[in-house]
Amino acid sequence: MSARPRPPETGTQVSSAGCTLGHRLKLLQAVPLFRDLSPGDVARVNELFQSHSYGPDKTIYFAGSPAAHLYVLAHGKVKLLRHTAGGQDVVFAIIGPGEMFGSLATLGDREYPDDARALTHCCALVISAVDFQAVLERYPAVALAVLGEVSARLHDARDAFSQLSAMPVAGRVAAALLKLAEKLGVPHAEGILIQAPLSRQDLAAMTGTTTESVSRVMSQLRRDRVIASGRAWVAIRDVDRLASLAKAGG
């Protein structure tokens, strides 16, 4: 009998209380909307953001509620879910530190198009619609960057839903793992390590299939030594082979 996979060793986790001024400024400076601002301007923008903490599985906002806040994730991981016409929840994206989520009318949404739910303990920087409007009026560079953000969101949405309709299950799972590795993966002895409490149900929602189908694909990938996995972690051992599966569709 093969040994049960052991969870990889984890690094030190930073608590939400560790969202220091220096960390906030570094974080906001890297956000695409604020990248062209001077350090002094970023410091002034930072004063308009509030810090909020969320526990695992806590819903941050619901789809259909007024799009009143924009978030920048400081620590932790968040999943975004969209509801299909068939009543299925699809994990549209996994958000990692430094990424934006939420929306505002300025970004083309009067209502949130998705549910945002904390995967882990999270700390997020939050700005209201009124304060963000003040930023746009003061900094034309941010207003121009908003146009690029809206375009990128539309492109990502088209890609996600076309993938669900066109690819076989194995290809979808492979593509989802590669996307997670790109955003959340870190080098490790086992390969590229994705450490997040993603259940088979989450992967099924992300790929528009059933938990049974995801389990079959993951089991085959383990047998083929393309991945290793355990509770709350997946390590990609053979990136090239996984990429071939995603490109071929399964």
Quick check: do [X] and [Y] have side-chain heavy atoms less than 4.5 Å from each other?
{"X": "Leu125", "Y": "Gln50", "value": "no"}
{"X": "Arg225", "Y": "Arg241", "value": "no"}
{"X": "Pro66", "Y": "Arg110", "value": "no"}
{"X": "Phe132", "Y": "Val146", "value": "yes"}
{"X": "Phe34", "Y": "Val135", "value": "yes"}
{"X": "Val142", "Y": "Asp36", "value": "no"}
{"X": "Ile94", "Y": "Val78", "value": "no"}
{"X": "Leu180", "Y": "Leu203", "value": "yes"}

Completion exercise
Sequence neighbours excluded, the answer for side-chain contact (heavy atoms from CB on, under 4.5 Å) partners of Val239 is Leu178, Ile192, Ile236
Problem - Pairing residues for Arg223 by the side-chain contact (heavy atoms from CB on, under 4.5 Å) criterion, not counting sequence neighbours - result: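 With sequence neighbours excluded, Arg223 shows a side-chain contact (heavy atoms from CB on, under 4.5 Å) to Ser219, Gln220, given in chain and number order.
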Say whether, by atom type as modelled, one donor and one acceptor occur between the side chain of [X] and the main chain of [Y] under 3.5 angstrom.
{"X": "Arg35", "Y": "Ala30", "answer": "yes"}
{"X": "Tyr112", "Y": "His69", "answer": "yes"}
{"X": "Arg117", "Y": "Thr59", "answer": "no"}

Practice task
Consider only side-chain heavy atoms of I, L, V, M, F, W and Y, link residues closer than 4.5 Å, and tell whether Val186 and Trp233 are in one cluster.
Solution key: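 Same cluster.
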Exercise for the section: Determine, using the 4.5 Å side-chain heavy-atom cutoff (strictly less than), whether Val130 and Phe49 are members of one ILVMFWY cluster. Expected result: no
Atom [atom1] in [X], atom [atom2] in [Y]: separation rounded to 0.5 Å?
{"X": "Met100", "Y": "Ile127", "atom1": "CE", "atom2": "CD1", "answer": "11.0 Å"}
{"X": "Leu25", "Y": "Thr20", "atom1": "CG", "atom2": "OG1", "answer": "8.5 Å"}
{"X": "His188", "Y": "Leu193", "atom1": "NE2", "atom2": "CG", "answer": "5.5 Å"}
{"X": "Ile194", "Y": "Lys77", "atom1": "CD1", "atom2": "NZ", "answer": "10.5 Å"}
{"X": "Tyr54", "Y": "Thr120", "atom1": "OH", "atom2": "OG1", "answer": "13.0 Å"}
{"X": "Leu28", "Y": "Leu48", "atom1": "CG", "atom2": "CG", "answer": "10.0 Å"}

For [X] and [Y], work out which heavy atoms get closest and say how close.
{"X": "Pro97", "Y": "Ala74", "answer": "CB-O, 3.6 Å"}
{"X": "Asp109", "Y": "Ala67", "answer": "O-CB, 3.2 Å"}
{"X": "Ala145", "Y": "Pro32", "answer": "CB-O, 4.2 Å"}
{"X": "Ala176", "Y": "Met206", "answer": "CB-SD, 3.7 Å"}
{"X": "Arg24", "Y": "Ser51", "answer": "NH1-CB, 3.6 Å"}
{"X": "Ala174", "Y": "Leu245", "answer": "CB-CB, 4.0 Å"}

Problem - Residue Gln201 excluded, over 12 heavy atoms near CD under 6.0 Å - result: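 Atom CD in Gln201 is not packed in, count stays at 12 or less.
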Exercise for the section: Would you please test Ser229 and Arg222 for side-chain hydrogen bond (donor to acceptor under 3.5 Å, both in side chains) and show each step? Expected result: CA-CA 8 Å; Ser229 66; Arg222 281 195 299 271; 2.9 Å; yes
Practice task
Determine, stepwise, if the pair Leu70 / Val126 fulfils side chain to side chain contact (heavy atoms under 4.5 Å, CB included).
Solution key: CA-CA 6 Å; Leu70 195 63; Val126 188; over 6 Å; no
Practice task
Go through the steps for Arg216 and Ser213 under the test side-chain hydrogen bond (donor to acceptor under 3.5 Å, both in side chains), then give the verdict.
Solution key: CA-CA 5 Å; Arg216 284 195 295 271; Ser213 295; 3.2 Å; yes
Practice task
Show your reasoning for whether side chain to side chain contact (heavy atoms under 4.5 Å, CB included) applies to Ile60 and Phe101.
Solution key: CA-CA 11 Å; Ile60 299 169; Phe101 63 105; 4.1 Å; yes
Practice task
Decide, yes or no, whether a salt bridge links Glu99 with Lys183 under the criterion of side-chain N to carboxylate O below 4.0 Å.
Solution key: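 Judged by the 4.0 Å cut-off on N to carboxylate O distance, Glu99 and Lys183 do form a salt bridge.
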Practice task
State plainly whether the residues Asp202 and Lys79 are in salt-bridge range, i.e. N to O under 4.0 Å.
Solution key: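 Judged by the 4.0 Å cut-off on N to carboxylate O distance, Asp202 and Lys79 do form a salt bridge.
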Handout entry: Pair Leu177-Leu221, side chain to side chain contact (heavy atoms under 4.5 Å, CB included): steps then yes or no
Key = CA-CA 11 Å; Leu177 290 175; Leu221 291 174; 4.0 Å; yes
Practice task
Run the numbers on Cys122 and Ser53 for side chain to side chain contact (heavy atoms under 4.5 Å, CB included), then give the verdict.
Solution key: CA-CA 6 Å; Cys122 295; Ser53 298; over 6 Å; no
Handout entry: Under the side-chain hydrogen bond (donor to acceptor under 3.5 Å, both in side chains) test, residues paired with Tyr61 that sit two or more places apart
Key =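 side-chain hydrogen bond (donor to acceptor under 3.5 Å, both in side chains) list for Tyr61, sorted by chain: Asp114.
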Practice task
Dump the intermediate steps for ring-ring contact (aromatic ring centres under 6.0 Å, His included) on His75 and His121, then the final yes or no.
Solution key: CA-CA 8 Å; His75 300 298; His121 287 285; over 10 Å; no
